[in-house]
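Notes to accompany the following structure.
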Protein chains: 2
Amino acid sequence: MRRWNGWGDEATVVELPAHGGAFLAALIGPGQPLPDASLAQVLAQVPASRLAVHPLVSTDAEVRVRHARGQSLPDWLAMREGRFEVFPDGVALPETPAQIRELLAWAAEQDVLVIPYGGGTSVAGHINPQAGAKPVLTLSLERMSRLLELDEQSLIATFGPGASGPQVESQLRARGYTLGHFPQSWELSTLGGWVASRSSGQQSLRYGRIEQLFAGGTLETFAGTLQIPTFPASAAGPDLRELVLGSEGRFGVISSVQVRVTKLAVEEKFYAVFLPSWAKALEAIRTLGQARVPLSMLRLSNAIETETQLALAGHPEQIAWLEKYLALRGARAGKCMLTFGVTGNRGQNALSLKQAKSLLKSFGGVFTGTLLGKKWAEGRFRFPYLREGLWQAGYAVDTLETATDWANVDSLLNKIEASLRGGLSDEGEQVHVFTHLSHVYGEGSSIYTTYVFRPGSDYATTHKRWQKLKHLASSTVVNNRGTISHQHGVGRDHAPYLPVEKGELGIAALQAMANHFDPDQRLNPGVLLK
Amino acid sequence: MRRWNGWGDEATVVELPAHGGAFLAALIGPGQPLPDASLAQVLAQVPASRLAVHPLVSTDAEVRVRHARGQSLPDWLAMREGRFEVFPDGVALPETPAQIRELLAWAAEQDVLVIPYGGGTSVAGHINPQAGAKPVLTLSLERMSRLLELDEQSLIATFGPGASGPQVESQLRARGYTLGHFPQSWELSTLGGWVASRSSGQQSLRYGRIEQLFAGGTLETFAGTLQIPTFPASAAGPDLRELVLGSEGRFGVISSVQVRVTKLAVEEKFYAVFLPSWAKALEAIRTLGQARVPLSMLRLSNAIETETQLALAGHPEQIAWLEKYLALRGARAGKCMLTFGVTGNRGQNALSLKQAKSLLKSFGGVFTGTLLGKKWAEGRFRFPYLREGLWQAGYAVDTLETATDWANVDSLLNKIEASLRGGLSDEGEQVHVFTHLSHVYGEGSSIYTTYVFRPGSDYATTHKRWQKLKHLASSTVVNNRGTISHQHGVGRDHAPYLPVEKGELGIAALQAMANHFDPDQRLNPGVLLK
């Protein structure tokens with residue numbers, strides 16, 4: 001069963017290893033666990049629904065609890081404390097596009113607000129109902145998860161929008177294909193959610209971001225149905241796909257998604273290389289990224305993340321051996337771990353490996369083979385579970401991410417880390433901060449920063465700490481040529497920072513679009529645009 | 001000097017070889033030349049300008065003639081006949097973004113319509129002034145053609161929007177870089193025009209379309225300046241770059257363009273392979289395109305285009321030898337020429353060549369080495385000049401293009417060719433029609449069809465023939481799952497067909513955007529949206 005107040009399946013438990021706990025304690029002090037509320041306590045708070053009866057809508061209290069919050073840190077704190085504040089008045093579970101249209105018509109008639117809901121994995125407050133006079137209907141797409149059509153000539157698959165990562169891949173793999181879209185939230189997040197929030201997967205270097213994978217589909221809006229046909233490319237005016245991508249439920253409800261798929265590759269391997277310093281590593285990954293070597297994944301941890309990962313890995317003796325081996329070859333304190341993948345046919349993979357190894361060697365890289373790469377691949381969806389382990393040990397953890405041009409990557413990364421690291425100094429608290437680059441482009445890179453801090457003496461203090469850190473880092477990002485999000489989207493949490501990058505005129509253009517598709521501002525108000 | 005009534009520089013003359021003339025005459029009858037008007041005749045028709053005096057605006061008659069028409073076939077006929085019908089009232093030549101803003105403010109104050117103008121190479125009626133009560137100002141960007149900044153870490157170049165293909169490449173090549181964007185119009189078309197019309201270059205397989213190259217820039221609109229910052233990627237809501245791409249001067253004037261550039265490659269080669277039949281060739285190019293072999297160009301002529309190209313090549317003896325060689329190896333009547341390119345480092349190029357050759361061989365491909373590939377590369381911008389040679393010989397030629405998913409390529413191609421081939425049968429006229437696929441994607445391909453027909457006894461009859469053919473082919477495209485344009489844009493000529501693919505709601509969304517940026521509908525009215 002899925003956790004009602006955290007990440008993933010209850011059966012999966014990832015604990016913080018003892019060694020990792022000691023590592024964190026030394027850095028930011030011993031953990032300070034806060035007490036968790038029970039589901040019963042939360043259920044007792046759910047008020048009566050303000051919705052009329054509708055055959056497609058559930059007003060069951062537990063269903064409403066389970067659709068009230070996403071996975072941002074404030075969501076997490078609210079769920080652990082049992083202070084949900086607002087619940088949707090009901091959850092609709094349509095099974096067809098026609099039922100979505102029926103529900104939208106009903107919502108208009110009943111003067112109800114609508115929140116489209118995919119996997120509920122937002123970390124930016126996309127799906128949280130707000131307190132207000134109008135009832136709120138959460139429209140979950142979970143019953144629309146089937147592979148509806150597969151065009152094996154054009155490599156186009158048509159899915160229901162509610163298909164989760166595993167549902168997408170299992171249905172495609174049975175036919176010999178893959179979408180190749182693996183965000184960290186993959187186990188729970190959905191195809192429609194990826195499109196609505198401009199998601200990026202860990203192997204975007206090969207498969208592209210969701211922008212490149214999304215070929216067409218259908219958006220049900222209050223102004224009518226927008227059908228976007230699939231073309232391999234088009235010069236016929238502005239691309240309407242790009243209005244749906246990142247629309248975050250403001251323009252309509254995605255009712256079908258057509259994606260570009262790929263035949264399963266013959267071979268896939270991941271490798272780890274250690275670079276002797278951040279300066280060398282940054283230069284190496286930029287050069288490799290710009291050399292157009294056909295890799296499928298490229299990721300670089302900075303020195304603190306490398307150290308943290310090795311400490312949290314939980315095998316101190318093996319790690320000690322690894323450290324000895326690396327030190328002998330020149331990668332000592334300050335070393336940075338770079339992981340890369342090759343996916344494809346054997347001939348191309350062999351050449352890509354050879355070219356990547358040779359290039360990395362010229363920057364002092366120490367190649368360690370596939371062992372750590374395999375570990376990365378096996379643990380790629382494990383991190384969100386570790387949040388549970390860290391929480392139980394008394395630590396709060398959050399991440400934030402941006403992207404910027406190469407000329408600005410080092411400077412922005414340092415500013416973000418510095419803003420977080422010193423962010424609680426007025427309270428005498430330390431924050432442990434580390435970063436990796438996980439999506440590499442010719443022009444620049446994503447920057448993905450994790451920060452760990454101690455909860456305060458109660459939930460309110462903890463929430464304030466988060467607010468302080470989030471605001472410091474977000475302002476740093478947008479005031480220093482970073483985008484407010486490379487892969488998580490805008491939601492409510494990033495909306496105040498969006499005007500800096502879109503400009504007043506740009507925001508007004510998006511608002512004009514929202515007014516066009518949803519004249520009564522009934523869809524997800526407050527998300528994306530204030 | 002640039003031709004005032006046709007394509008390119010007057011010094012470049014490409015005549016139809018005698019052999020080619022005989023080939024066409026056998027197919028559609030002897031050429032029927034129509035008389036050309038002189039520049040003096042046209043200058044005599046230019047009416048007085050309705051514009052007030054402005055220091056940045058020229059109202060010189062010849063300048064106005066030279067900015068009145070693009071390069072569509074109706075433009076061509078109008079220019080050759082000397083029946084321009086409408087001239088802009090003046091041509092502005094700003095040198096800075098501030099001067100563009102000044103001109104827009106002046107246009108608003110004076111109640112003047114504005115047509116942004118790049119290289120004047122539109123083949124869809126993008127830049128033609130229309131008759132009407134309001135004066136028309138053509139705003140040419142030709143004096144804004146400099147490379148303003150080159151960020152060699154991020155591989156971002158900032159250009160004035162009026163830089164032509166040769167101006168872009170010469171300024172970049174001097175620094176060791178290339179944009180790699182080579183549409184057939186490259187000699188005259190401009191960076192800003194490519195962005196505004198969603199252009200695609202012949203090596204899009206390596207460098208991407210202009211959508212992938214355009215990183216950011218500035219759009220001057222009647223509602224203010226839209227500044228689009230460069231990010232390698234972003235999940236921060238809908239992408240405003242995608243509103244500028246394909247906006248065709250309806251939303252604003254592009255005043256600066258930032259593009260993603262690439263270091264010049266060590267090696268570039270083009271090869272030709274002949275496939276024994278269209279069925280084999282189509283399967284081969286799809287398989288190769290979907291195999292993700294890193295090629296830089298991939299192009300396939302159908303059997304009629306292959307035959308026509310060999311006939312028009314002008315070296316009948318050499319061609320006879322080639323035909324003998326191919327026939328011995330199984331490529332006889334019905335054979336199709338496939339050209340592909342590799343661009344990059346020697347190791348990758350060698351592997352790509354090996355993989356492409358081996359795959360093509362399995363479809364019966366006969367490899368002929370680099371000779372024909374070299375010929376293709378040398379003649380890649382030559383085709384528009386041949387129009388002049390054909391016209392002098394008494395033939396009218398036009399092209400049209402679309403893109404569709406692989407499952408539909410063969411069917412749509414056949415329908416388009418059939419619609420054109422029989423399009424003048426009521427007049428007892430033959431049309432010679434041939435096609436190539438020049439932009440190959442995993443999902444599908446572009447379809448680029450050329451048609452040659454004889455002018456009528458006068459210009460009016462000739463124009464009617466074109467209208468008939470254009471309408472037949474355009475309806476065939478949009479009613480059979482093709483986009484109305486893969487690379488030429490919408491302009492006026494394709495605007496009536498756009499609603500089929502965008503849908504009423506989609507067109508209304510784009511119109512809402514035009515109203516937002518240009519509330520008085522002063523910018524290029526009638527283009528893109530009716």
Side-chain angles (χ1 to χ4, degrees), chain A residues 151 153-156 197-198 209 215 223-224 226-227 229-240 242-243 245-247 260 290 292 294 344 347-348 351 403-407 439 441-445 481 483-490 498 501-503 505-506 509-510 512-513 516 528, chain B residues 151 153-156 197-198 209 215 223-224 226-227 229-240 242-243 245-247 260 290 292 294 344 347-348 351 355 403-407 439 441-445 483-490 498 501-503 505-506 509-510 512-513 516 528:
Chain A
D151 173 350
Q153 272 198 70
S154 314
L155 302 182
I156 293 281
S197 65
R198 285 190 173 255
R209 294 165 58 87
L226 182 69
Q227 183 66 51
T230 60
F231 299 123
S234 169
D239 189 349
L240 297 177
E242 296 281 346
L243 280 180
L245 286 158
S247 57
R260 296 168 179 145
Q290 294 179 339
R292 297 175 180 248
Q348 182 63 59
L351 181 63
T404 195
D405 294 354
W406 281 118
H439 298 263
Y441 306 84
E443 176 184 340
S445 172
R481 297 198 285 128
T483 172
I484 191 60
S485 175
H486 168 270
Q487 66 208 63
H488 291 164
V490 178
L498 191 63
E501 69 184 85
K502 298 283 186 195
L505 188 62
L510 295 177
M513 216 28 76
H516 169 70
L528 184 61
Chain B
D151 172 350
Q153 272 199 69
S154 315
L155 301 182
I156 293 281
S197 65
R198 287 190 172 255
R209 293 166 59 87
L226 183 68
Q227 183 65 52
T230 60
F231 300 123
S234 169
D239 188 348
L240 297 178
E242 296 281 346
L243 280 180
L245 286 158
S247 56
R260 296 168 179 145
Q290 293 179 339
R292 295 175 181 248
Q348 182 62 60
L351 180 64
Q355 297 196 334
T404 195
D405 293 355
W406 281 117
H439 299 262
Y441 306 84
E443 175 183 341
S445 172
T483 172
I484 190 60
S485 175
H486 167 269
Q487 65 208 65
H488 290 164
V490 179
L498 192 63
E501 68 184 86
K502 298 284 186 194
L505 188 61
L510 295 178
M513 216 29 76
H516 169 71
L528 183 63

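All heavy atoms count here, side chains included; hydrogens, waters and symmetry mates do not. The model shown is predicted, which means the values in this text are computed figures rather than measured ones. Just so we're on the same page: letters track the sequence lines, and every chain starts at 1.
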Between B:Lys502 and A:Ala236, is there a donor-acceptor pair closer than 3.5 Å when you use the side chain of the first and the backbone of the second? yes

Shortest non-hydrogen contact from B:Ala407 toward A:Ser154: N-OG, 3.0 Å

What residue in A:Ala215, A:Ser197, A:Gly444 has the most heavy-atom pairs under 4.5 Å with chain B? A:Gly444

One should read off an interatomic distance between A:Leu243 CG and B:Leu243 CG, to the nearest 0.5 angstrom, of 6.0 Å

Using a 4.5 Å cut-off on heavy atoms from C-beta on, say whether the side chain of B:Phe231 contacts that of A:His486. no

Partner chain A: residue of B:Arg260, B:His488, B:Gln355, B:Arg292 with the largest heavy-atom pair count (under 4.5 Å): B:Arg292

In this structure, CH2 of B:Trp406 is separated from CG of A:Asp151 (nearest 0.5 Å) by 12.0 Å

Just verifying a value: how many Å separate B:Gln227 CD and A:Glu501 CD, rounded to the nearest 0.5 Å? 13.0 Å

What part of A:His439 is in contact with chain B, defined as an atom under 4.5 angstrom from a non-hydrogen atom: side chain, backbone, both or neither? neither

Hey, are the side chains of A:Leu505 and B:His516 touching, using non-hydrogen atoms and a 4.5 Å cut-off? yes

Is a donor on one side and an acceptor on the other found under 3.5 Å between the side chain of B:Arg209 and the backbone of A:Ser234? yes

Has A:Arg198 got a side-chain atom pairing as donor or acceptor with B:Gly237's backbone, closer than 3.5 angstrom? yes

Measuring only between side-chain heavy atoms, which start at C-beta, is A:Gln348 closer than 4.5 Å to B:Pro294? yes

Max heavy-atom pair count under 4.5 Å with chain B, selected residue of A:Leu245, A:Leu528, A:Ile484, A:Leu351: A:Leu351

Pick whichever of A:Pro232, A:Gly224, A:Gly503, A:Gly246 has the most heavy-atom pairs under 4.5 Å with chain B. A:Pro232

Please report the interatomic distance CG(A:Leu240) to CD(B:Glu242), rounded to the nearest 0.5 Å. 10.5 Å

Options B:Gly506, B:Gly489, B:Ala509, ranked by heavy-atom pairs under 4.5 Å with chain A, top entry: B:Ala509

When rounded to the nearest 0.5 Å, the distance separating CD of A:Glu443 from OG1 of B:Thr230 is 5.0 Å

How long is the span from the CG atom in B:Asp405 to the CG atom in A:Leu155, to the nearest 0.5 Å? 10.0 Å

Checked B:Pro229, B:Gly344, B:Ala403 vs chain A; the most non-hydrogen pairs under 4.5 Å come from B:Ala403

Side-chain contact test, heavy atoms from C-beta onward, threshold under 4.5 Å: evaluate it for B:Asp239 versus A:Asp239 and give yes or no. no

